[in-house]
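Structure first, commentary second.
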Amino acid sequence: MAGYESGLKVTQMTLALNLVIALLLGPLMAGVVRKFVRARLHSRQGPPVLQPFYDICKLLGKEDLRSSSSPIVDFAPIVVMAATITAALLTPMGMRSPLAGHGDLIVFVNLVTIAVVGTVMVGLSSASPYSLIGAAREIMMHIMVEPVLVICLIVAAVKAQSLLFWHMAEGATAGGMSISMVIATIAMLMAMQAQIGKQPFDIAEAETEVMGGAFVELSGPRLALFQWASFARQIVYASMLAAIFIPWGIDLAPPWNLGAHLLKLLGVYVLVGIVDVVHPRIRVEQAIKFFVIIIVLSLIGLGLAIGGY
Amino acid sequence: MTTQELATQLQERFDAEQGEPDGLASPGWLSVTVCSDRLLDAIRWLWEDAGYRFLISAGSDLRRERGKYLVTNLFAQDEHGIYLAVHTEVDPEQPSIPSITPIVPAANWTERELRDMIGVVPEGHPDPRRLVLADDWPEDLYPLRWDVEHGIKPPPSDCQVPREPPPEGSSVVPLGPYFPSLEEPAYFRLFVEGEEVVGADYRGFYNHRGIEKMGCSVLTYNQIPFIAERICGICGCVHSTAYCQAVERAAGIEIPERAKYIRTIMLELERMQSHLLWLGIAGHIVGFDTVLMQTWRMREPIMWLSEKLSGNRRVYGGNIIGGVRLDIPTEVHQDVLDMLDKLETEWKALYKSIPGDTSLMARLRGTGVLPHELAVERCVVGPTARGSGVAIDTRLDHPYAAYDRLEFEKCVHDGCDNLSRTLVRLDETLVSIGLIRQALQQMPDGPILTQIDEDIPGGFEGFSGVEAPRGEVVHWVLTGDENRPTRWRPRAPTYANLQVVPPMLKGSQLADAPINIASFDPCFSCTDRMEVVDMRTDDEYD
Amino acid sequence: MDPLTTAVVVLLTGALLTAFLSRHRLMAGYVALASVILASISLLRLSLWIFSHGPFETVVPLLRLPVSGLRVHLIVDQLSAVFLFIIVLVAVSTTWFSLRAMELCKARSLIRFYPALLLFFATTLGVVAFQNMLVFLLFWELMTLTSYLLIAFETEKPQAARAGLLYFVAATVATSLMVIATTILYAHNPSHTFEFSQLRDTLGTLTTTKPVLANIVLALFLVGFGTKAGILPFGFWIPVAYPAAPTVTSAAMAGIVTKLGVYGTVRVFLDLLPPSELSLVWGSIIALLGTASIVVGTLTALQQTEAKRLLSFHVIGQIGYMWLGVGIGVAMYHLHPAIAVLGLMGGLFHVVNNASYKSLLFLNAGAVEYRTGTTELDRVGGLMHIMPVTTVSAIIASLSIAGVPPLSGFTSKWLIFERSIMAGLYVPVFIFLGLVAVFISAVTLASFMKFLATLFLGDLHVGEQVAHREVPVSMTIPQTLLAIVCVVFGVAPVPVLWYLYRGAAEILPGMVPSFNSLVGTSPFRVNLTLLGSNSAIGATGAWDPLLVTAVFVGAMLFAYGISRLGGARTRKVPIWLCGEEHSYQEIMYSSHSFLQPFNRYFCRLYPELPVPKMRMPGLLLKLLNPDTWITYPAERLAERLARAQTQAGGRALVVYLLWAVALVVIVGLVLLFAHT
Amino acid sequence: MLLSKLRQALICLLAGKVTLSYPAKPRPPEEGFRGYPEVDVNKCIGCGACAAVCPARLIKIEDVDQTTRRMTRLLERCVFCGRCAEVCPEDAITMSKQFELTSDQARQDLTHVCEVFMATCKRCGRCYEPATPLDRIMEPGFRHDQIDRGGDRCPYPELRAPDSESPSTDEHDEHDEHLDEPVSAQVAQVVEAK
């Protein structure tokens, strides 16, 4: 518990740290993966590493085309970004998160649900058939993937006997990786692949089928906010996976545990990148059938965890 | 059954006189004329009993020459390698002809085009909507008549082409005209319930550019091959080869052996790069961008090689009436062979990895099912047909250029779904590699172009079919006297394949619609035929 | 006279007055509203008094039945005070809403509606107030009768009559089962009274001496309360009754009747049944039934294409959450009190929240029906453009029922999930129940996205003759009231939890862990840190609504700042449909095809509800049809009286009022005289 | 499943990076490449063979007056088939290696007008182009007696004396019915050959 004697001083510092990691490291990591994993496997040079930042800055300046007059369309991106930032402040990124004492696993899951709700509301509020179909697919994927996310986190909670993140970060893998934690990690990886919309689960925003799904009618700063929020969400999921499910490096001294966390983050990103490059996109009902299997798998993990393995 | 026996049979049954017996008739070609009231039973006999496959029908305005409209229906008999043209003359005062679509469903589009282009109305056609002309084209203006001047721009009229309403309870999801998964403008209206497609309606010809009108009004014989080559962005050489062969057969010109081999090599080169391009596009549509990048990387050496051979990556510009313009010197052979070996090794590695990839199989196997009967009934051609077990390949059934001197077999799979169509294309690429190797070995020396001394005589028919990467390209030419053909009718394979897409889409998932359409490798520009505005009339073009 | 009886008396007089004023619909409405508000003021005063002084006890002279010197104790303890608060909240908002909403059933005169509504509220007070099982059952049956009148209000509509009959039969069967159970208990009660205190001891002895009989009694009670609450196998009447009833009735009943079912369960299984191994078994059964009804109710709601039917299936779904919370409380009390008390508080808090947003959702559906005449999801859309207040309240209600953090639904679901996971450490089955609840809360979110999308978002398309105006003020105020309640309970849940804790501690025997030990002692009691079982780890769960909401709002401002950074201009453009124009009808994505792949895969699970066809012999139908033997004679009598007055020269209204005042005075005298 | 994935990944990695950062590192076309047709005006004799044979019909020949012939080329529609270079008797047209021809004022940038000074042909009165009438006369193909070698440069057959027949499809050229059309203002500004 060396790094965790939280005085108010530590929380201010982690507040800034979490924000920086979520908002600035997110696009950077996406750029790194796009260049060194995806482009390399495509045998091409790949765009510059800061390309995501260039995209966001360009979009912020571009004209905002409005096709539906409902106020939800300009309110939802702000809510999605806010929910993602709050979730980022909740996740342990190497050290104890700023909102550590003020929110637990269920709060985190529901904050992420707000982000999905925002996207879906934007998709539903325009009359274009592509955005409606995209929003419907987003909901279906969410229904199937959120339970897997929750079950894996609960496996860690059961191992750590508590729902608070810094307990889980330490307790879950205290005695080394048990069987249930391994199963939970695999299931969590699959769920993460779907939550951040990477292949083979890039179904809600399939550009060749529904032209970007819920985002087809978005442009300008609103689209920039959604893209930045999705980059930040990728960091949140990856650091959740790295902090809780990958055991090493949590109890080092302050500067080193952050370094260990970033390393683990990079590892998770590369793994996700490789899986993303090597798979085509599967259909919605195939994804639903696939995730039923993943839910059963994680339930088995949970059963083992309760049994004490 | 040779052409002569067929001619006698048609003679007694439907008193069809044979076309003028000139020495120029090439072996597997027969042209007969039938009067319009005996036309239906002739076609029924050909379609049901004699097992003929419908190709295309062409309407020509011969009022200056014979004072009549001429409607030609073209058929092919693949076992015996016979092409048959059934002509019917229509008098201009009463321009109508009994529709053959109820008997031959594949003739649906061509007969609607007859009505659009020269004003001959097919009586009893199930779906007499306008096909080729734009919605706002005036009602009574038929572009292919000789008195309508080339390149006119009539004021837009406001007649609306009725659209098929969606069935009860389903909504319309438009796929096109400008859609990420279609490279060219085509407009599919998918009727969707939830994620399931319950119906589809196709409205195409956004890219119609009136090339046939150009062919018979402003271009000369030797200008057409270069314009024909630009009918399709990917498979250009097939069109120019088919056109040149048609004119050569009409005028009885014999091209040198070496030119035949060079044409064969150019056609096979083009087939390889077209299949590689298609596999990349299909991978991208299914979301598998790695396949796109890798196949287009393998394709690049072919493009460099064709650039070295012909001076242009894609539009070789090699064919001209009487032979070819570009030669393949012996020192280039070694480069070609090295490129082929490298491509073969990489292609075999890719070929082995595809069946094992379960997630790719999940998207390809069992989707976009085109049953064998529907393929035969709608006279589908090329890999689309060979994917549904229909064993037709123009290179073997109706040999042309140097194909009769090379040994290879047809690649036929009877899975009837996207996967089997993909496997057909993969096999064909390997076959093409083998063909080019054989052609390079057997290629004799000698001239590549016969000098044509006198003008091409008017009034003769030329016909030729070439196996393009997407299917059988057919060009029918009626030679004219002012150094240009009076009627030139190209038909791209997608023209036949697209008519089977709406029934095939019914029942599939919405997510599969783009890949099902792409598995036909549609080339919408081919279907619409390209045009260049004439410089001299200084028409504004944008 | 004690506040409870005054409330009941006010409601009774209100009922009588509205009966007479049924000719002037608006006047009757205002009188009903006035009486409800008066009753609520006295009830609120009573509940505040209870929370400060402990349970309120008086002997009600009214029912001094001569038989065996039976003296009836009216005891309102803190648990009942909580339910009083719910009844007040729902009664005020639904009556206020009904002022203009009843214009929908113009054909029917209101003589049967307002009296029945006020009687219904009066009987619910009775159910909550008495600690005597016999009186409890009496009021329970009266509630069934009055609610039957409310459901079968539009008897000319066949499905309303059928729904009423179905409800009446189901409720009566349930009550008869409970009567049987009470007689068994009464027989084994040495002191032969129906008081809860004695029954508690008899049940205690019964569980030890004759466990089989005790189980039967508990089973009967479970079925009785389950039917009224709407738990899966027994709640089949809800999807038939609520859509057929006028929206005001379904809002009132959804807010109160199902909650009283939970009240009954808590009374029997926590108050009467001493905590023991048996209560673990029964607690698990309750939790299992709850989870089953969560799953099936919500999954079936996903397929519905009619708004009220969708909401009624969600009633079954939400009741599941309450029973899950109560189940944890019942099962875990003897094993680990901290988890049990918090689980029970979670269940009760969900009861309070559900009362607010469930009736709000029904009011929204009523507003949509009032303005557009239909609640079919496909035929109406984009109401956000003409009904902003209803849309905002619908969004708040939908988000809070789906459990989105800053709103009230989340806090109760958070408590229930958290405690079910912690309980799972001891009794593994609870963890899986909690997980199923999480899975289904996502499905609830999906079905309410569909509800919002088809009714409110998207482009406006309503019937031609629909006026493009918001619903009248008298309907928007109750909606905003309930929406504010949802938000306030979400952001500041601790005061409500404090009252719930007092209510729960009241009925739980033995030493109950203190509120601070359960919920942590952060400043202003804002941060709920739930202490786990082994104190080595300390807090196991944390939820700080105020701070997280503050951070959320700060992040929203930050995001708004970013979006304004580029200074981009906005421009109106039509939808991009790939280049061709399409009419709206062509591309409208209908609601039944909304989640079609998911529905087809999952929802074959629960086929359409098998509703029995009721063909009753003519006589019984006539007997059960109240119109023939109560309403019409009363109406004719009232008319004759009115006509007599009008001949006396047109001062009818004033005479009415005189009559009303006279009646009140007489009733007051009787009560006063009897009391002394 | 995993085996085929690994094999695919292996193919990709073995191939290595193949893309160039294009504008920085240009990709030189192969030697036989047919790019932008460049006309050497000095060699051009204004015979009009290229105009006759161009598939895109983008060469317009006008005789401004008795002594100058203007050849306007709208090269934005050129299909780079190389027929004009192949047919030109004087090899004045060569296909360059330049293929980057996109520009926003494509009409101005790619319109190439060359004026050729011509002498008048005594027989048909049209002008033809010897640098100086005397030394050009010795050029092959300009002599009246060498007509059979298809050297008659006169582009207007119907104006030719009826007896000389030189039917060859390559050189065949139809009458240009728009000859007397006024030159549009845009093309009028004379661009001196590079």
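Chain A is the first sequence line, chain B the second, and so forth, proteins listed ahead of strands; every chain is numbered from 1.
Contacts of Leu557(C) with chain A are absent, with no heavy-atom separation under 4.5 Å from either backbone or side chain. The parts of Tyr560(C) that come within reach of chain A are both its backbone and its side chain, each placing non-hydrogen atoms under 4.5 angstrom from that chain. The contact between Ile85(A) and chain C is made entirely by side chain atoms (from C-beta outward), counting heavy-atom distances below 4.5 Å. For chain A, the nearby parts of Met556(C) are the backbone and the side chain; heavy atoms of each come within less than 4.5 Å. Looking at Ala224(A), neither its backbone nor its side chain comes within 4.5 Å of chain C, counting heavy atoms on both sides. Only the side chain of Glu217(A) has a heavy atom closer than 4.5 Å to any heavy atom of chain C. The contact between Ile78(A) and chain C is made by backbone and side chain atoms together, counting heavy-atom distances below 4.5 Å. When heavy atoms are compared at a cutoff of 4.5 Å, Val79(A) approaches chain C by way of both its backbone and its side chain. Looking at Leu59(A), there are no atoms closer than 4.5 Å to chain C (heavy atoms on both sides), in backbone or side chain. For Leu65(A), the parts sitting under 4.5 Å from any heavy atom of chain C are the backbone and the side chain alike. Both the backbone and the side chain of Ile143(A) come within contact range of chain C, with heavy atoms under 4.5 Å apart. Contacts of His582(C) with chain A are absent, with no heavy-atom separation under 4.5 Å from either backbone or side chain. Contact of Leu23(A) with chain C is made through the side chain alone, with heavy-atom distances under 4.5 Å. For Leu124(A), the parts lying near chain C are the backbone and the side chain together; criterion is any non-hydrogen pair under 4.5 Å. Interface remark: Phe417(C) contributes backbone and side-chain atoms alike to the contact with chain A (heavy atom separation under 4.5 Å). Residue Ala83(A) touches chain C through both its backbone and its side chain, counting heavy-atom pairs closer than 4.5 Å.
Closest approach of Glu146(A) and Ala442(C) over heavy atoms only: OE1-CB, 2.9 Å. Closest approach of Leu577(C) to Pro129(A), counting heavy atoms only: CD2-CD, 3.5 Å. For Gly61(A) against Ala568(C), the heavy-atom pair with the smallest separation is O-CB, 3.8 Å. Tyr130(A) approaches Trp576(C) most closely through the heavy-atom pair CE1-O, 4.3 Å.
For the atom pair Ile106(A) CD1 and Lys413(C) NZ, the distance stands at 11.5 Å (nearest 0.5 Å). Atoms CZ and CE, on Phe456(C) and Met121(A) in that order, are 11.0 Å from each other to the nearest 0.5 Å. From Trp228(A), atom CH2 reaches atom CD1 of Ile562(C) across 4.5 Å, with rounding to the nearest 0.5 Å. Rounding to the nearest 0.5 Å places OG of Ser68(A) at 7.0 Å from NE2 of His385(C). Note that CD of Glu138(A) is 11.5 Å distant from CE of Met449(C), once rounded to the nearest 0.5 Å. Distance OG/Ser125(A) to CG/Leu452(C): 11.5 Å, rounded to 0.5 Å.
Side-chain atoms of Pro406(C) and Ile114(A), non-hydrogen and from C-beta on, do get closer than 4.5 Å to each other.
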Give the C-alpha distance, both sets of side-chain angles, the deciding distance and a yes or no for side-chain contact (heavy atoms from CB on, under 4.5 Å) between Met211(A) and Cys578(C).
CA-CA 10 Å; Met211(A) 289 206 293; Cys578(C) 295; 3.7 Å; yes
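Counted by atom type alone, Trp414(C) and Asn110(A) present zero donor-acceptor pairs between their side chains at under 3.5 Å.
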